[in-house]
Engineer: 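Dumping the structure here so I can ask a few things about it.
We use all heavy atoms of the structure for the numbers below, so side chains are in, but hydrogens, waters and symmetry mates are not.
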Amino acid sequence: MSQQSTRANALALATIALWASLAALGTALRHVPPFLLTGLGLLAGSLIALPMVRFDVRRLAVPWPTLAVGVYGLFGYHFLLFTALGQAPAVETNLVNYLWPLGIVLMAPLLLPGVRLAPAHVLAALAGFAGAAIAILGRGGAAAPAPGNAVLGYACSAGAAFIWASYSLLTKRLALTGRDFPTAAIGTFGLVSGVLALVCHALLEPRVDLSARDVLLIAALGLGPLGGAFFLWDKALKLGDARQIGVLSYLTPLLSTLLLLWTTGRPLSWNVALATLLILGAAVAGTRAR
């Protein structure tokens with residue numbers, strides 16, 4: 001494995017570690033409406049871009065087509081995911097959502113020039129999805145009644161998975177085809193997406209008052225899974241192999257489940273142990289595939 005590939009995988013793992021904290025932070029902020037939470041988190045995360053450009057905001061400008069790709073990814077993904085969670089059972093919705101790493105692996109040859117799939121990539125991605133399914137379904141227990149139109153919810157969740165997979169590959173494609181944008185421009189994507197999320201909050205959600213603790217946790221959300229993670233993800237994809245990174249991404253639901261077990265004091269169950277073996281095995285196989 002080349003030094004660049006090793007660095008890309010390390011950045012991807014750092015991203016995954018930040019995303020794994022989303023469930024724990026989301027649990028602490030579950031009383032905050034989701035679009036409000038996302039909007040404030042994205043706005044907080046967009047501030048990370050300022051020191052990256054030495055506070056020269058002119059360097060954050062990107063062409064409109066590039067901005068469209070960024071907003072398509074950050075806002076489109078969260079809009080569909082939160083719509084899905086409002087319609088279908090959360091456990092099953094989360095499982096459908098985690099088709100996005102498999103989407104990255106399978107769609108890479110369609111969107112990236114010169115990329116082909118090896119059987120090892122496909123098998124690793126399928127094993128990773130099986131591990132994610134075991135971790136998520138085992139955590140959720142019995143299915144809860146659907147809060148709305150379950151078919152619409154599952155469709156939106158699948159749409160969210162497609163958006164994140166295709167957004168990730170499109171940013172890599174821009175880099176490969178000479179239309180690259182600086183990683184700091186993720187701040188521009190986050191700013192516009194955050195404003196759109198707050199508009200959705202104003203139109204679709206009840207108004208709430210935030211405590212000082214809420215503000216601190218939202219700031220952590222912005223520095224971590226809803227902010228800093230997007231900068232790391234962009235850099236990882238530009239440097240590395242999207243197929244390998246897609247397989248590694250299945251560590252996200254596993255680490256999220258382990259963190260929730262640790263923070264809630266629940267014991268390690270057989271399903272999490274089995275999921276760990278499947279996902280770690282998939283990660284090793286996927287990163288070694290040529």
Side-chain angles (χ1 to χ4, degrees), residues 1-24 91-110 112 115-141 157-158 160-162 164-165 168-169 172 225 229 232-233 235-237 239-264 266-290:
M1 189 182 297
S2 69
Q3 185 175 356
Q4 179 172 307
S5 181
T6 301
R7 184 185 174 202
N9 288 343
L11 290 170
L13 289 172
T15 306
I16 289 162
L18 290 178
W19 277 337
S21 69
L22 181 59
V91 172
E92 290 83 348
T93 296
N94 196 29
L95 180 58
V96 175
N97 170 53
Y98 272 106
L99 286 168
W100 67 258
L102 180 60
I104 288 179
V105 175
L106 297 182
M107 291 194 296
L110 301 177
L112 300 181
V115 172
R116 295 182 180 179
L117 280 184
H121 290 121
V122 179
L123 291 175
L126 292 174
F129 181 71
I134 291 170
I136 292 169
L137 293 175
R139 185 179 71 196
S157 187
F162 175 82
W164 192 254
S168 299
L169 292 171
K172 174 79 171 180
L232 293 172
W233 184 247
K235 195 68 175 177
L237 283 167
L239 289 174
D241 186 328
R243 299 162 299 180
Q244 294 181 358
I245 291 172
V247 173
L248 283 174
S249 299
Y250 280 118
L251 289 167
T252 308
L254 173 64
L255 293 177
S256 176
T257 299
L258 291 173
L259 184 59
L260 278 175
L261 290 177
W262 179 66
T263 56
T264 57
R266 292 170 55 190
L268 182 69
S269 58
W270 68 267
N271 62 287
V272 175
L274 179 57
T276 301
L277 291 175
L278 279 170
I279 293 174
L280 290 180
V284 171
T287 52
R288 291 190 175 186
R290 296 295 180 185

Engineer: Please report the closest heavy-atom contact between H121 and V247, naming both atoms and the distance.
Structural biologist: O-CG2, 4.2 Å
Engineer: Looking only at non-hydrogen atoms, find the nearest pair between G103 and A165 and report the distance.
Structural biologist: C-CB, 3.8 Å
Engineer: Side chains of I104 and I245: closer than 4.5 Å at any heavy-atom pair?
Structural biologist: no
Engineer: To the nearest 0.5 Å, what is the distance between CG (L112) and CZ (R243)?
Structural biologist: 9.0 Å
Engineer: What's the separation between atom CD1 in I16 and atom CG in L251, rounded to the nearest 0.5 Å?
Structural biologist: 5.0 Å
Engineer: Does the side chain of T93 reach to within under 4.5 Å of the side chain of N97, using non-hydrogen atoms?
Structural biologist: no
Engineer: What's the separation between atom CG in L232 and atom CG in L237, rounded to the nearest 0.5 Å?
Structural biologist: 11.0 Å
Engineer: Can you tell me how far the CG atom of L248 sits from the CG atom of L11, to the nearest 0.5 Å?
Structural biologist: 11.5 Å
Engineer: Mind telling me whether W233 and W19 have parallel, tilted or perpendicular rings, with 30° and 60° as the class edges?
Structural biologist: tilted
Engineer: Distance from T15 atom OG1 to N9 atom CG, nearest 0.5 Å?
Structural biologist: 11.0 Å
Engineer: Return the OH to CZ distance between Y250 and F129, rounded to the nearest 0.5 Å.
Structural biologist: 6.0 Å
Engineer: Looking at G240, is its backbone amide N or carbonyl O close enough to the side chain of R7 to form a donor-acceptor pair, meaning the two atoms are under 3.5 Å apart?
Structural biologist: no
